[in-house]
Peer 1: 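First the structure, which I've put down as structure tokens, then a few questions once you've had a look.
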Amino acid sequence: MKVWIKQQVEEALESLAWQGLGADWVVEEPKQSSHGDYSSNVAMVLAKPLKKNPREIAQALADALRLSARFDKVEIAGPGFLNFFLKAQTYQEALVSLASQEAFKANHVAEPQRILIEFVSANPTGPMHLGHGRNAVVGDTLARILEALGHQVVREFYINDHGVQIETLGRSGIYYFKKIHGMSAGEAPGEDMYRGEYVETLVKDLSHEIKNSLGDPLSVGKTLAKVLLERVKEDLAKVDIYFDHYFSEDSLYESSKIKQSIEALKKSGKTYEEEGALWFKTTDFGDDKDRVLIKSDGSYTYFTPDIAYHQDKFKRGFDLYLNVMGADHGGYVTRMKAAVEALGFDPQKLEFLLMQLVSLKRGEVPVAMSKRSGDYVTLKEIVEEVGADATRFFFLMRSHHTSLEFDLELAKSQSSENPVYYAQYAHARLASLLRKAAEAGIDLSKLAQKIDLSSLTLPEELDLIKLMLQFGDRLNLAASFREPHRVIFYLLELAKLFQNYYTQGKTDPRYRLLDQEEEVLLQKLFLVRALKEVLANLLKICGVSAPEKM
RNA sequence: GCCCUCGUAGCUCAGGGGAUAGAGCGUCGGAUUCCUAAUCCGUGUGCGCAGGUUCGAAUCCUGCCGGGGGCGCCA
């Protein structure tokens, strides 16, 4: 609709020979209904290049536009806003065409991109905690949004299965093995080991597999890590997250890709040796200080295999690379972009989403968590307590730029205070209406046809249609800002508008959806079905179920 | 000290150049003998501070204040 109005304005500009002024004007939905269904700032923006009073410009445009049969009126207001008031019929027709678009496939972008999104990438040294959960859900939902817009998305998980942390895991395992089997295990594990019950129980489960390699921490570590990774996958599956590709850090060593990328960096002239180490001159790319690639003891820093990994990514030729990671890794952004650029790729294609922290509370009571002591709440526990739907929904309720307080009490509560239930209930109610109608003998297949909707004239009905028409815009916005929470807010707006509309049926017969003459009934049901479709789509994109009944 | 992020109603948060800044919760008051009450309506002296850009700023720029994160030859 916005696009159509913009076209109309452009035609009007042409008819006045004012086209091609290039200025950046928009058509938008005003906050206030008295300012029209849509409005444009075109006259104000063009005032400067045309050297005319904005209200004069607006007047001329309005005169040219009033001819269209779809407008009820076009007004000039304030400093020169052009306010468009559409006829109800315009909305009725828009709803028919929206509903006929097979679940809104027409919103696909004109130029689909191939996008690689890397997220979670949790070390396979322990269970996933809350922070991983947020990362996983936001990353996956962003992927779903991009897919809904027609992009081709690959979800990738980078496994840190090589470094010291695997050896540390092995040492921790060996300690617990000895402890369990009454051997002298040495001192209690300190900060340089993985602790917590999960290690001990894991070792118990795997005693048989590791008992012959107690002298080889790395080997033990790999055995444990393999199982831990499987558990990570299981946890992710519980919130409906699946990766297309797991990329092993270890494979970079085996294929000597790390050496190759170091050679490529050397060639770029951005490296130098100092104090027995090889440095990468990231300060040439805006970093605070240069970074070490090869330590003086000959081993790599964690950064070096990551460079090789990103070189591999870029060689695979995607249009965009998204990396979702914790905000505590923010320092990594500049140096990774530097590496990509030095390797001859476009660093603008590499984007980072930095996730802020998650904390946990139960009503008003904060739940203490200390990662250091291994005493933290896992994603699995959360899902078991509040369910997959609430888990996903709650992780999506806040912009990832801000820290998130996850309220277990609220997530569990089956009331309208809980936004998950609120959104799902709206969908269930719509489903119930269709079910009731079918039970009453209404032939719902008639809704598949294009029908006349001239009875849908209540303001709330037109508002609902107007909001539904924003579907594509809202998704595009969420995608281009990389902000999945926008989908949740849109979903809640729609749910609220519907609940309001529905409840009015209790006092006003015009708002009854089922007690109507057959012809009107079908029109109301057409709206019901279309809205249900929209809500189901949005819930799907969030990875939350859309129940038919609650 | 430097870098990133956030600061909006009592609380939790939307809003990323437009007109009178919104929602949920909380408070207080009300509706519905109903197509599921897992519902709805009413109730609000708020954009951290100071400059700047603009016809127009919560939004963009600069500085300051305050919270969080980061500044290893750790990952």
Side-chain angles (χ1 to χ4, degrees), chain A residues 24 26 28 30-32 34-35 39-41 43-45 47-48 53-54 77-81 83 123 125 160 163-165 168 192 274-279 286-289 291-303 305-306 326-334 352 354-357 361 364 397-405 407 410 413-426 428-437 440 477 481 483 485-486 488-490 492-493 496 498-507 511-516 524 528 549-550:
Chain A
D24 200 10
V26 295
E28 61 190 352
K31 291 173 197 163
Q32 220 174 310
S34 63
H35 294 143
S39 73
S40 177
N41 61 352
M44 279 124 73
V45 173
K48 210 168 222 177
N53 180 323
F81 283 104
N83 294 338
N123 286 347
T125 53
N160 291 103
V164 287
Q165 72 272 20
T168 304
D192 60 336
E274 195 175 287
E275 294 173 21
L278 182 70
W279 295 74
D287 203 357
D288 295 339
K289 52 187 76 170
R291 307 291 164 178
V292 170
L293 294 170
I294 305 179
K295 299 186 226 172
S296 50
D297 69 0
S299 65
Y300 301 131
T301 62
Y302 79 97
F303 180 37
D306 272 12
D328 54 340
H329 290 71
Y332 174 98
V333 173
T334 310
F352 293 84
L354 301 179
M355 317 289 305
Q356 294 292 329
L357 291 176
K361 62 174 183 172
E364 294 306 310
M397 273 196 314
R398 300 279 176 267
S399 149
H400 64 260
H401 302 294
T402 187
S403 59
L404 168 85
E405 268 198 315
D407 185 346
L410 181 61
S413 93
Q414 300 200 3
S415 74
S416 63
E417 288 173 29
N418 185 345
V420 189
Y421 282 90
Y422 187 83
Q424 289 181 320
Y425 184 60
R429 209 169 224 183
L430 290 158
S432 158
L433 288 165
L434 292 174
R435 206 162 45 234
K436 278 251 155 67
L477 227 48
F481 282 105
E483 290 178 346
H485 73 278
R486 288 168 185 270
I488 292 284
F489 280 90
Y490 180 47
L492 290 172
E493 266 178 66
K496 162 143 186 149
F498 167 67
Q499 296 286 27
N500 177 345
Y501 167 65
Y502 175 92
T503 305
Q504 293 197 57
K506 296 183 178 191
T507 45
Y511 285 79
R512 305 283 295 171
L513 289 162
L514 295 182
D515 306 338
Q516 302 286 354
K524 301 265 191 203
V528 165
K549 215 172 195 174
M550 284 173 81

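Naming convention: chains lettered A, B, ... in sequence-line order (proteins, then strands); numbering from 1 in each chain.
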Peer 1: Determine the contact category for A:Y332: base if any of its heavy atoms lies under 4.0 Å from a base atom, sugar-phosphate if only primed atoms, P, OP1 or OP2 are that close, otherwise nothing.
Peer 2: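 Here A:Y332 touches no strand at all.
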
Peer 1: Verify, without hydrogens or angle tests, whether A:D287 (side chain) and A:T334 (backbone) share a donor-acceptor contact under 3.5 angstrom.
Peer 2: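 Not confirmed, A:D287 side chain does not pair with A:T334 backbone.
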
Peer 1: Using the side-chain heavy atoms of A:Q414, tell me which of these nucleotides is nearest: B:G69, B:A38, B:C35.
Peer 2: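 For A:Q414, the side-chain atoms sit closest to B:A38.
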
Peer 1: Of the listed nucleotides (B:C73, B:U12, B:C35), which one gets closest to any side-chain atom of A:L514?
Peer 2: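 Between B:C73, B:U12, B:C35, the one nearest the side chain of A:L514 would be B:C35.
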
Peer 1: If you assign A:L404 and A:E274 each to the RNA chain B nucleotide with the nearest heavy atom, which residue ends up on the more 5' nucleotide?
Peer 2: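 Comparing both residues, the 5'-ward one is A:L404.
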
Peer 1: In this structure, how many angstroms lie between the C1' atom of B:G15 and the CG atom of A:L492, rounded?
Peer 2: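 My rounded result for the distance is 15 Å.
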
Peer 1: Taking the side chain as every heavy atom from C-beta outward, state whether A:E28 and A:S39 have any atom pair closer than 4.5 Å.
Peer 2: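 Counting from C-beta outward, A:E28 and A:S39 do come under 4.5 Å.
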
Peer 1: Kindly point out which of B:C73, B:C13, B:A38 is positioned nearest to the side chain of A:Y421?
Peer 2: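 The answer is B:A38, which lies nearest to the side chain.
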
Peer 1: Which class fits the ring pair A:F489 and A:H485: parallel under 30°, tilted 30 to 60°, perpendicular over 60°?
Peer 2: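 Perpendicular.
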
Peer 1: Using a 4.0 Å heavy-atom cut-off, does A:H329 contact any base of the nucleic acid, only the sugar-phosphate backbone, or nothing at all?
Peer 2: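 The answer is base, as A:H329 lies within the cut-off (heavy atoms under 4.0 Å) of a base atom.
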
Peer 1: Is a donor-acceptor pair below 3.5 Å formed from side chain A:T402 to base B:C6, judging by atom type as modelled?
Peer 2: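 Side chain to base: no pair present.
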
Peer 1: Looking only at heavy atoms, which two atoms of A:N41 and A:V26 are closest? And how far apart?
Peer 2: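 Heavy-atom minimum between the residues: OD1-N, 2.9 Å.
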
Peer 1: Would you mind building the protein contact string for nucleotides 16-29 of chain B? One character per nucleotide, 5' to 3', B for base within reach (heavy atoms under 4.0 Å), S for sugar-phosphate only, - for untouched.
Peer 2: S-BBB--SSSS---

Peer 1: Which nucleotide in the set B:C40, B:G72, B:A75 lies at the smallest distance from any side-chain heavy atom of A:R291?
Peer 2: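 Selected nucleotide (nearest to the side chain): B:G72.
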
Peer 1: Assign A:V333 to base, sugar-phosphate, or nothing according to its heavy-atom contacts below 4.0 angstrom with the strands shown.
Peer 2: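 Nothing, no heavy atom under 4.0 Å.
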
Peer 1: Using a 4.0 Å heavy-atom cut-off across all strands, classify A:G505 as base, sugar-phosphate, or nothing.
Peer 2: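 Base contact - A:G505 has a heavy atom under 4.0 Å of at least one base atom.
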
Peer 1: Reckon A:A327 touches a base, only the sugar-phosphate, or nothing at all at heavy-atom distances under 4.0 Å?
Peer 2: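 Sugar-phosphate: the residue A:A327, judged by heavy atoms under 4.0 Å, touches backbone atoms but no base.
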
Peer 1: Under 4.0 Å, heavy atoms only, any strand: does A:Q424 hit a base, just the sugar-phosphate, or nothing?
Peer 2: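 If one applies the 4.0 Å heavy-atom cut-off, A:Q424 turns out to touch nothing in the nucleic acid.
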
Peer 1: Under 4.0 angstrom, heavy atoms only, what part of the nucleic acid is A:Y501 near: base, sugar-phosphate, or nothing?
Peer 2: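 No contact at all - A:Y501 keeps every heavy atom at 4.0 Å or more from the nucleic acid.
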
Peer 1: Which nucleotide in the list B:G15, B:C40, B:U36 gets nearest to the side chain of A:H485?
Peer 2: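 Out of B:G15, B:C40, B:U36, the nucleotide with an atom closest to A:H485's side chain is B:G15.
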
Peer 1: Which part of the nucleic acid, if any, lies within contact of A:A437, taking any heavy atom under 4.0 Å across all strands shown: a base, the sugar-phosphate backbone alone, or nothing?
Peer 2: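 No contact.
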
Peer 1: Atom CD of A:Q165 and atom OG1 of A:T125: how far apart are they, to the nearest 0.5 Å?
Peer 2: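 A:Q165 CD to A:T125 OG1: 6.5 Å, rounded to 0.5 Å.
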
Peer 1: Please measure how far the C1' atom in B:A57 lies from the corresponding atom in B:U8, and state the result in whole Å.
Peer 2: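 Those two atoms are separated by 14 Å.
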
Peer 1: Nearest heavy-atom pair of A:A47 and A:P54: which atoms, and what distance?
Peer 2: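 Looks like CB-CD, 3.9 Å.
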
Peer 1: Any chance the side chains of A:Q414 and A:N418 put a donor and an acceptor closer than 3.5 Å?
Peer 2: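 Judged by distance alone, the side chains do not pair up.
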
Peer 1: For B:G68, does either OP1 or OP2 sit under 4.0 Å from a side-chain N or O belonging to A:S403?
Peer 2: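 Answer no for this pair, as no side-chain N or O of A:S403 is under 4.0 Å from OP1 or OP2.
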
Peer 1: Just the rounded figure in Å: distance from C1' of B:C35 to CD of A:Q499.
Peer 2: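 After rounding, the gap between these two atoms is 12 Å.
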
Peer 1: Can you check the distance between B:C41 and B:C3, where both ends of the measurement are the P atom (answer in whole Å)?
Peer 2: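 Nearest-Å result for B:C41 against B:C3 at atom P: 47 Å.
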
Peer 1: Looking for any heavy atom pair under 4.0 Å, which part of the strands does A:N123 touch: base, sugar-phosphate only, or nothing?
Peer 2: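 A:N123: backbone/sugar contact only, no base atoms under 4.0 Å.
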
Peer 1: May I ask you to test the A:E417-A:L410 pair for a side-chain heavy-atom distance under 4.5 Å?
Peer 2: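 SC-SC contact between A:E417 and A:L410 confirmed.
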
Peer 1: Taking only the C1' atom of each, what is the distance from B:C40 to B:G24 in whole angstrom?
Peer 2: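 To the nearest whole Å, 15 Å.
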
Peer 1: If you look at every heavy atom in A:V292 and A:F303, which pair is closest and at what distance?
Peer 2: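 Looks like O-CD2, 4.3 Å.
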
Peer 1: A:Q504 has an atom CD; how far is it from atom P of B:C41, in whole Å?
Peer 2: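 From A:Q504 CD to B:C41 P: 8 Å.
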
Peer 1: Between B:C11 and B:G44, how far is it from one C1' atom to the other, in whole Å?
Peer 2: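 B:C11 and B:G44 have their C1' atoms separated by 14 Å.
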
Peer 1: Quickly work out the A:D287 CG to B:C4 C1' distance and round it to whole Å.
Peer 2: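 Checked: the CG to C1' distance equals 12 Å.
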
Peer 1: Does A:T503 reach the main-chain N or O of A:Q499 with its side chain, forming a donor-acceptor pair under 3.5 Å?
Peer 2: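 Confirmed, A:T503 side chain pairs with A:Q499 backbone.
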
Peer 1: What is the distance from CD of A:E493 to C1' of B:C13, rounded to the nearest Å?
Peer 2: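 Between C1' of B:C13 and CD of A:E493: 14 Å.
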
Peer 1: Is there a donor in the side chain of A:D306 and an acceptor in the side chain of A:Y332, or the other way round, less than 3.5 Å apart?
Peer 2: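 Yes, side-chain donor-acceptor contact under 3.5 Å.
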
Peer 1: Nearest-Å distance, CG (A:L410) to C1' (B:A38)?
Peer 2: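 Checked: the CG to C1' distance equals 13 Å.
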
Peer 1: Could you state the atom-to-atom distance from CG of A:D288 to P of B:G70 in whole Å?
Peer 2: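 After rounding, the reported distance stands at 15 Å.
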
Peer 1: Contact class for A:T301 (heavy atom, under 4.0 Å): base, sugar-phosphate, or nothing?
Peer 2: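 A:T301: backbone/sugar contact only, no base atoms under 4.0 Å.
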
Peer 1: Would you mind reporting whether A:T301 and A:R291 have side-chain heavy atoms less than 4.5 Å apart?
Peer 2: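 Sidechains of A:T301 and A:R291: no contact.
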
Peer 1: If the cut-off is 4.0 Å, is A:K289 near the phosphate of B:G72, judged by side-chain N/O to OP1 or OP2?
Peer 2: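 Indeed, a polar side-chain atom of A:K289 lies that close.
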
Peer 1: Determine whether a donor-acceptor pair (one donor, one acceptor, N or O, separation below 3.5 Å) exists between the side chain of A:Y425 and the base of B:A38.
Peer 2: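 Looking at the base of B:A38, it does not pair with any donor or acceptor on the side chain of A:Y425 (distance under 3.5 Å).
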
Peer 1: Syn or anti: how is B:G22 classified when any glycosidic angle within 90° of 0 counts as syn?
Peer 2: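 Anti for B:G22; the angle lies over 90° from 0.
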
Peer 1: Measure the distance from CD on A:Q356 to P on B:C4 and round it to the nearest whole Å.
Peer 2: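 Answer to the nearest Å: 14 Å.
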
Peer 1: Where each pair must be Watson-Crick or G-U wobble with both distances under 3.5 Å, what dot-bracket representation of RNA chain B is obtained, with crossing pairs in [ ] and other-strand partners as |?
Peer 2: (((((((..((((....[...))))..((((.......)))).....(((((..]....))))))))))))....

